[in-house]
Amino acid sequence: MSWFSFKKKQPVIGLTLSGGGMRGVAHISIIKALETFGLKPQVMSGTSAGAIIGAFYSAGYSPDRMREIVERTTFFSRSSFRLGTTGIFNPVFLSKLFREYFQEDDFKTLKIPLYVAATEITNGRLEYFSGGRLSQALLASSSIPYVFPPVRIGDKVYMDGGILNNLPIELIYNKCDFLIGSHVNSIIYDDMHKISARKVFDRVIHLAIGSTVDKKGRACDIFFNPPNMTRYSLFDKRGVPQMLDAVYEYAVRLLEEKGYSKK
């Protein structure tokens, strides 16, 4: 082959997205910032809300379109609230969302390979999905304990992947040359002066699942960890527009500090 025809191989970019309830929507701004700087992932992994955002992006939805979908969708409504079961919310609103926006319920239709983490609670271990029914894997990965009921697939029972792995970089670590991680659950340590059951639940969940995130963040070539994210609710989307704008500004600033230029 003549050196005239030789083209330098571009690095394969991988992107891992954490869980975070409604805060997971902030990944949309991270992806938008990456696109602004010409950093488009070719392989992705995610847990819980990160898996859902990853699925939408892998299916071809742009960050702006995903923001529109979030703004017009009702999450955690009173009609989905229920008591006396293993979860206080019925996940039917998520199933409806997947039916509306994924033309085919199959991983093979995604434009970007996606790996989804879920916790198999019968045997207490992580399992990963990259094929088969997409909606089933997303529901399994995002079944937050006591918020949503566990998801049964065959003879196995699944709950939120973040229980055991809230930043599943292992799924794509050897499948990419350049790894980017996005974590959207940074804690404000002075925000407990007004204690509520919801705030305590939020704090306990993220203290429990966040213990390994810093170590994994250091293994990434770029790690996004926008500050003070617990100011935004796990379940309430009223602060989402402000969150999306703030996280985009944070991500752009971080990339500029690392020497990247907008495309």
Distance col, row I222:CD1 vs L254:CG, nearest 0.5 angstrom, shows 7.0 Å
With a 6.0 Å cut-off (strictly less than), is the heavy-atom count around OH of Y128, excluding the residue itself, greater than 12?
yes
Between I53 and G24, the two heavy atoms sitting closest are CG1-O, 3.6 Å
Looking at P149, is its backbone amide N or carbonyl O close enough to the side chain of S143 to form a donor-acceptor pair, meaning the two atoms are under 3.5 Å apart? yes
Side-chain contact test, heavy atoms from C-beta onward, threshold under 4.5 Å: evaluate it for D160 versus T119 and give yes or no. no
| Close side-chain approach of I169 and C220, heavy atoms under 4.5 Å | yes
In short, S141 meets G46 closest at the heavy-atom pair OG-O, 4.4 Å
Checking V70 against M66 for the side chain to side chain contact (heavy atoms under 4.5 Å, CB included) test, could you report, in this order, the C-alpha distance in whole Å, the side-chain angles of both residues, the deciding distance, and whether it holds? CA-CA 6 Å; V70 169; M66 285 192 283; 5.6 Å; no
Rounding to 0.5 Å, atoms OH (Y232) and CG (N185) come to a distance of 13.5 Å
N/O donor to acceptor pairs below 3.5 angstrom from side-chain atoms of residues 150-158, sequence neighbours left out:
| unit_1 | atom_1 | unit_2 | atom_2 | d |
| --- | --- | --- | --- | --- |
| K156 | NZ | E127 | OE2 | 2.9 |
| Y158 | OH | E127 | OE1 | 2.6 |

The reported gap from CG in L94 to CD1 in I52 (rounded to nearest 0.5 angstrom) is 5.0 Å
**Prompt:** Got a donor-acceptor contact below 3.5 angstrom from the S186 side chain to the N228 backbone?
**Reply:** yes
With heavy-atom distances below 4.5 Å as the criterion, would you say the side chains of M22 and L234 are in contact?
no
What's the verdict on side chain to side chain contact (heavy atoms under 4.5 Å, CB included) for Y173 and T16, showing C-alpha distance, side-chain angles and the deciding distance?
-> CA-CA 9 Å; Y173 192 82; T16 296; over 6 Å; no
Rounding to 0.5 Å, atoms CD1 (I31) and CG (D64) come to a distance of 11.5 Å
Just so I know, are the side chains of E71 and V240 near enough to count as touching, which here means a heavy-atom distance under 4.5 Å?
no
Check: Are more than 12 heavy atoms from other residues, nucleotides or ligands located less than 6.0 Å from atom NZ of K175?
Finding: no
Check the pair K216, E170 against salt bridge (charged side-chain N to carboxylate O under 4.0 Å, His left out), reporting the backbone distance first and the verdict last. CA-CA 9 Å; K216 292 185 178 187; E170 301 88 345; 2.8 Å; yes
Review point. Going by heavy atoms in the side chains, are N90 and F148 under 4.5 Å from each other?
Key: no
Apply salt bridge (charged side-chain N to carboxylate O under 4.0 Å, His left out) to the pair K32 and E249, showing each step before the final yes or no.
-> CA-CA 11 Å; K32 182 173 182 176; E249 291 175 6; over 6 Å; no
Min side-chain heavy-atom separation L97-I69 under 4.5 Å
yes
Only one of K40, R65, K111 passes side chain to side chain donor-acceptor pair (under 3.5 Å) with Y57, and that residue is K40
Output for pair (L167 CG, F223 CZ), nearest 0.5 Å, gives 5.5 Å
Nearest heavy-atom approach of F93 to T74 is CD1-O, 4.1 Å
Within the distance-only criterion (no hydrogens, no angle test), does the side chain of S48 pair as donor or acceptor with the backbone N or O of G50 below 3.5 angstrom?
no
| message | So does N165 get a backbone contact from the side chain of T47, meaning a donor-acceptor N/O pair under 3.5 Å? | response | yes
* Is it true that the side chains of D105 and Q136 contain a donor and an acceptor less than 3.5 Å apart? -> no
*Do the side chain of N166 and the main chain of G19 share a donor and acceptor less than 3.5 angstrom apart?*
yes
In short, V184 meets A26 closest at the heavy-atom pair CG1-CB, 3.8 Å
Sorted by chain and number, sequence neighbours left out, side-chain hydrogen bond (donor to acceptor under 3.5 Å, both in side chains) with Q103 holds for none
Value for CE (M243) from CG (D245), rounded to nearest 0.5 Å, stands at 10.0 Å
| message | Quick one, F178 with L15, criterion side chain to side chain contact (heavy atoms under 4.5 Å, CB included). Give me CA distance, side-chain angles, the key distance, then yes/no. | response | CA-CA 9 Å; F178 191 89; L15 176 62; over 6 Å; no
> Do the side chain of N123 and the main chain of R125 share a donor and acceptor less than 3.5 angstrom apart?
Replying inline: no
Do Y250 and S29 meet the criterion of a side-chain donor-acceptor pair at a distance under 3.5 Å? no
Closest heavy-atom pair, M159 versus I163, reported as atoms and distance to 0.1 Å, is CB-CD1, 3.8 Å
All heavy atoms of S182 vs all of I30, minimum pair found to be OG-CG1, 3.4 Å
Hey, does Y248 have a side-chain heavy atom less than 4.5 Å from the side chain of T36? yes
Item checked: Pairwise side-chain contact, L244 with R67, heavy-atom cut-off 4.5 Å (strictly under) -> yes
Could you tell me whether Y61 and F56 have their ring centroids closer than 6.0 angstrom? yes
- prompt: Does E104 use its side chain to pair, donor to acceptor, with the backbone of D106 at less than 3.5 Å?
  reply: no
- For S18, does its backbone N or O pair with a side-chain atom of H27 as donor and acceptor, under 3.5 Å? yes
For this session: Just do the side chain to side chain contact (heavy atoms under 4.5 Å, CB included) check on L39 and I13 with the steps written out, would you?
Result: CA-CA 7 Å; L39 298 169; I13 297 174; 4.0 Å; yes
